[in-house]
Novice: 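I have a structure I would like to understand better, so I am pasting it below and will then ask my questions one at a time.
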Amino acid sequence: MKKFINKPDDFVRESLEGLAAAHPDLVKVHYDPTFVYRADAPVNGKVAIISGGGSGHEPMHTGFVGMGMLDAACPGEVFTSPTPDQMLEAAKKVDGGAGILYIVKNYSGDIMNFEMATELARTDGIRVLSILIDDDVAVKDSLYTQGRRGVGTTVLAEKICGAAAQQGYDLQRLADLCRRVNLNGRSMGIALTSCTVPAKGTPTFELGHDEMEIGIGIHGEPGRQRLSVKSADEMTEMLALSMIEDSPYSRTMREWDENQGEWVDVELIDPLLEQGDKLLAFVNSMGGTPISELYIVYRKLAEICEKKGLQIVRNLIGPYITSLDMQGCSITLLKLDDEMIQLWDAPVKTTSLRWGV
Amino acid sequence: MKKFINKPDDFVRESLEGLAAAHPDLVKVHYDPTFVYRADAPVNGKVAIISGGGSGHEPMHTGFVGMGMLDAACPGEVFTSPTPDQMLEAAKKVDGGAGILYIVKNYSGDIMNFEMATELARTDGIRVLSILIDDDVAVKDSLYTQGRRGVGTTVLAEKICGAAAQQGYDLQRLADLCRRVNLNGRSMGIALTSCTVPAKGTPTFELGHDEMEIGIGIHGEPGRQRLSVKSADEMTEMLALSMIEDSPYSRTMREWDENQGEWVDVELIDPLLEQGDKLLAFVNSMGGTPISELYIVYRKLAEICEKKGLQIVRNLIGPYITSLDMQGCSITLLKLDDEMIQLWDAPVKTTSLRWGV
Amino acid sequence: MLTKEQILQWLQTFAAQIEQNKDYLTELDAAIGDADHGMNMDRGFKKVILQLPTVADKDIGSILKTVSMTLISSVGGASGPLYGTLFLQASTVVAGQQELSDNDVHQMLKAGLNGVLQRGKAQLGDKTMVDVLSPAVSAFQQALSEGNNILEAMQQAVTAAEQGMKDTTPLVAKKGRASYLGERSIGHQDPGATSSYLMLKSLLTVLESSLG
Amino acid sequence: MLTKEQILQWLQTFAAQIEQNKDYLTELDAAIGDADHGMNMDRGFKKVILQLPTVADKDIGSILKTVSMTLISSVGGASGPLYGTLFLQASTVVAGQQELSDNDVHQMLKAGLNGVLQRGKAQLGDKTMVDVLSPAVSAFQQALSEGNNILEAMQQAVTAAEQGMKDTTPLVAKKGRASYLGERSIGHQDPGATSSYLMLKSLLTVLESSLG
Ligand SMILES: Nc1ncnc2c1ncn2[C@@H]1O[C@H](COP(=O)(O)OP(=O)(O)O)[C@@H](O)[C@H]1O
Ligand SMILES: Nc1ncnc2c1ncn2[C@@H]1O[C@H](COP(=O)(O)OP(=O)(O)O)[C@@H](O)[C@H]1O
Ligand SMILES: [Mg+2]
Ligand SMILES: [Mg+2]
Ligand SMILES: [Mg+2]
Ligand SMILES: [Mg+2]
């Protein structure tokens, strides 16, 4: 393994120290428990948004802390969800009195840790709602699995909800918006190489010189299928069609009922993509794929969407939700409404996503 | 070779088509000869800035076209400097009547092609000045080599000069500023892996599992020295000290004399770095190194600069001048004055660098 | 009967087992997960070992609660809340006690299993740690009810645990990360089941060395 | 004497040689440069071959000028302006001519070499195409002055070119990308020198097949 790290055990900590050193105007880092928070937190009267998850997906989430996006991010060890005390302490630090929205990716570890954090926050008198992101269409059924994974839509939900919080949405309205973004988002990814987890030191899986994994998540786990590599156009088509032709996905999700103070099951179904829909197209590098290749993917994606009568009205292209040094790419298609468009365009000032200010 | 490309020969073209499709509000692309230009070009009365070079360094230069940075970028084939007709046509397209500044990296190919373009522009009645960037301290002497290569400082010069042009600097003042940025910038890079040029299909050089190349350029060429890999802190220290302890570098550069209509030799010497200097620290990924590792490098770099009495007052961290999919990183230290700081902070709106707007 | 010293020895033995099998557990997780289970558990139990001296003179309930809190705040991932809840629920049924009767031990193990079931919602056959814990607790109870002593009961529990662990190999995972692999999760032993087996085997080791 | 047809054959032969040696030239460039010389030259000469029919009925000067313009606008890199200038300067001394005397050929080659020297500022021994062109032009002139015919002169030029090409191997590069390697450029043959050798050898092939 060749990486710019010192000891594998110090990877997360030292990377955060670098982040803090580089951007003291934007973020601060608290250690033990570890979380990154807006330098100007708490913002009085604003709902605070907290996300988190395993490290190794940078810039998500730590790079998205700042005005118009996250109030705090809780990084776990590499690919390991953070612990409830991190989330609880972060909530205490950034709570501006209007409550906290946890944006959680649908992994058993993340869910269980955030559930515990939600319960703990409540006993500490902090209002918390929690929304799960599960947008990865590679996972087909929800009955026999943990359900879809949370991937690219997470970034978009954080941006859109971050803008809404900044504009004064209250906690319930924000949670509803976040759920809506999730239901309208779909993702699918391909790996050309495995990533290498620093503590392990060798690639998580081995891919032959002409093989690719399709339907991967973001944790270096193998995908659903191993195929021989194809052209950029063919790979793009596989990804795009798996989303565009995705049949309605229904699942039961647990959400926190503030009034009853307990977890309740809610039935959720994705709206289908239809001709004339406006989309945000997000072409994402898994970390090791350069932007020049992402544009080749985008080129074909735009062509396919046009053919299908889908209108790409916004896009995001770059490495935003990664798997360490993995070569590969994922596409996220988010069906937009006018409210989401306005919120997407709103100013954002974080270390890794910035415009309008 | 596994990449998101179709045919290697179409790599550059299709990547540009994707760029154009993604950002029609910001840039347009002209083909045959190929150049990317500001969607609102020409900007009347403003000096236009044109850069260019081989492709494979994205986002540089094509991702830096837009308000407050470049007016046009001329991409060559991968790692192959573009041709004079590209530069000439781009100049005609973006000339707002106040002349053109070519920002050129110091490679024999780039120099020769831009020299021809300068001569051609003159015969077409367009005022052109041309400044060379040669900031790579890995190249030690200028007598026995082509001289230092142009690397990371190029990005910084394009941003700073772009802002100055936007603020109304005239051509001569802009050229003087660009020369000053170059003289104050130093860079040094390390490769952990080779990149793979699409048309070749195999890595340009082979590195063992525990080897690194130090003093690399940005074209996948081997560096000055091959060493066994070290910790991030040690690698950062090697890079940083080679710049901080760099002795004064003097060289003869050819610049275009507008009045005489010919090339003249100018003697240029870098100012030394001194205690108390204000710096812009630029930690750059070669394409395949994720941002989490760049922050580990930045962490140590900040520590070293502090110890040496150098003040980092601005920074830039990310993949901005790359070598396709190479894993590695480079550091650029630019000594700043107040004028440069103000120009760095000025709004910029390009596809890959954006703030303040 | 299980004394407080034996409980402490158990935790130490388990921590040592985890350290020893760290890479093995991670390799198992690499095949069908994200290559961190060994690291996660080891990080947690290293912290536990540091905490133990501070509570060694407290009751067993307090000790197990400290283990739980330490795991919850240091392991993360799926195994953190699961093992954390296991020890939390186990601690509640032995609160205040300095030693445990054979039945206490059974109640403790059962409470731990129930904690895992509650937190993780996995069922038997989902290819998780439940596939080890559940048959082991049943075997333990069965053995006790047939009049065996704690050592014998634990031997049978560990035999059932080992079988349960091995039986995860042909299963399709339905919970946790491995579930994303669908059919491709077949043929690999579940890492969490493996660490749970080590936990029970560590308890047996302590019993054998005390009584043997 | 060299006819217009022979000039056209030369360009075609050279283009074919480049295509055939594309990977070889690129490999040479990978060792001490950026792995594109074969691709660069091939891209340019494929365009040249497309252009040739449009100027085949013009004079030699016009043909060479078209070659030059085509190379300049399609090769890029260092070799584009260098070969472009070579053919540009060569074209000026044979402007308007339909055939070339032996001395015209010498003037043409010398003008080409001077173009490269002017544009690239390399000196003999800098490990560039100059190390092939310069000794070849000298040998050609020497052979003519000793009364040899053009075929014999060209044979000696190519012998000198081949020697110059091989002699680049032990040199430290002082121009172009290879110069960044310093001492590490030793032991590798220069790609541009190699393509220049192919250019001269192609001319010899044409002469041999016409006269032989
Ligand atoms: N819902 C669940 N119920 C019970 N056990 C589970 C559940 N989800 C995961 N596990 C167990 O956790 C183990 C993985 O733990 P670990 O690798 O530490 O966490 P993560 O999956 O978050 O990386 C699996 O092998 C499985 O035994
Ligand atoms: N200044 C120069 N003068 C003469 N020849 C040069 C000079 N610089 C480079 N060359 C020649 O160009 C060759 C490299 O060409 P090529 O690979 O096509 O361009 P680039 O170096 O821009 O990638 C070298 O092998 C060398 O022979
Ligand atoms: Mg994990
Ligand atoms: Mg080149
Ligand atoms: Mg795991
Ligand atoms: Mg080359």
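Keep in mind that the numbers below use all heavy atoms, side chains included, and drop hydrogens, waters and symmetry copies. Below, chain A is the first sequence line, B the second, and so on; all start at residue 1.
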Novice: Between A:Ile291, A:Ile5, A:Asp210, A:Val229, which residue shows the highest count of heavy-atom pairs closer than 4.5 Å to chain B?
Specialist: A:Ile5
Novice: At a heavy-atom distance under 4.5 Å, which candidate from B:Met1, B:Glu211, B:Met212 has the highest pair count against chain A?
Specialist: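 Ranked by contacts with chain A, first place is B:Glu211.
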Novice: Against chain A, work out which of B:Arg354, B:Lys7, B:Arg299 has the most heavy-atom pairs shorter than 4.5 Å and name it.
Specialist: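 Among the listed options, the one with the most contacts to chain A is B:Arg299.
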Novice: Side chain, backbone, both or neither: which part of A:Val297 has a heavy atom under 4.5 Å from chain B?
Specialist: side chain
Novice: Counting a contact as any heavy-atom pair under 4.5 Å apart, which residues of residues 198-206 of chain B contact chain A?
Specialist: none
Novice: I'd like to verify something: which residue of A:Ser231, A:Ala21, A:Ala22 has the highest number of heavy-atom pairs under 4.5 Å with chain B?
Specialist: A:Ala22
Novice: Between B:Ser55, B:Pro75, B:Cys74, which is the residue that forms a side chain to side chain contact (heavy atoms under 4.5 Å, CB included) with B:Pro82?
Specialist: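 Per the side chain to side chain contact (heavy atoms under 4.5 Å, CB included) rule, the option paired with B:Pro82 is B:Cys74, out of B:Ser55, B:Pro75, B:Cys74.
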Novice: Rounded to the nearest 0.5 Å, what separates atom OG1 in B:Thr80 from atom NE2 in B:His219?
Specialist: 8.0 Å
Novice: Give me the contact list for residues 8-19 of chain B versus chain A, heavy atoms only, anything under 4.5 Å, ordered by residue number.
Specialist: B:Phe11, B:Glu14, B:Ser15, B:Glu17, B:Gly18, B:Leu19
Novice: What residues of residues 344-353 of chain B sit under 4.5 Å from chain A when you count only heavy atoms?
Specialist: B:Thr351, B:Ser352
Novice: Considering only heavy atoms, give the residues of residues 303-322 of chain A separated from chain B by less than 4.5 Å, sorted numerically, with 'none' for an empty result.
Specialist: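 Only A:Asn315, A:Ile317 of residues 303-322 of chain A have a heavy atom under 4.5 Å from chain B.
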Novice: Could you tell me how the ring of A:His23 sits relative to the ring of B:Tyr295: parallel (under 30°), tilted (30 to 60°) or perpendicular (over 60°)?
Specialist: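 Perpendicular.
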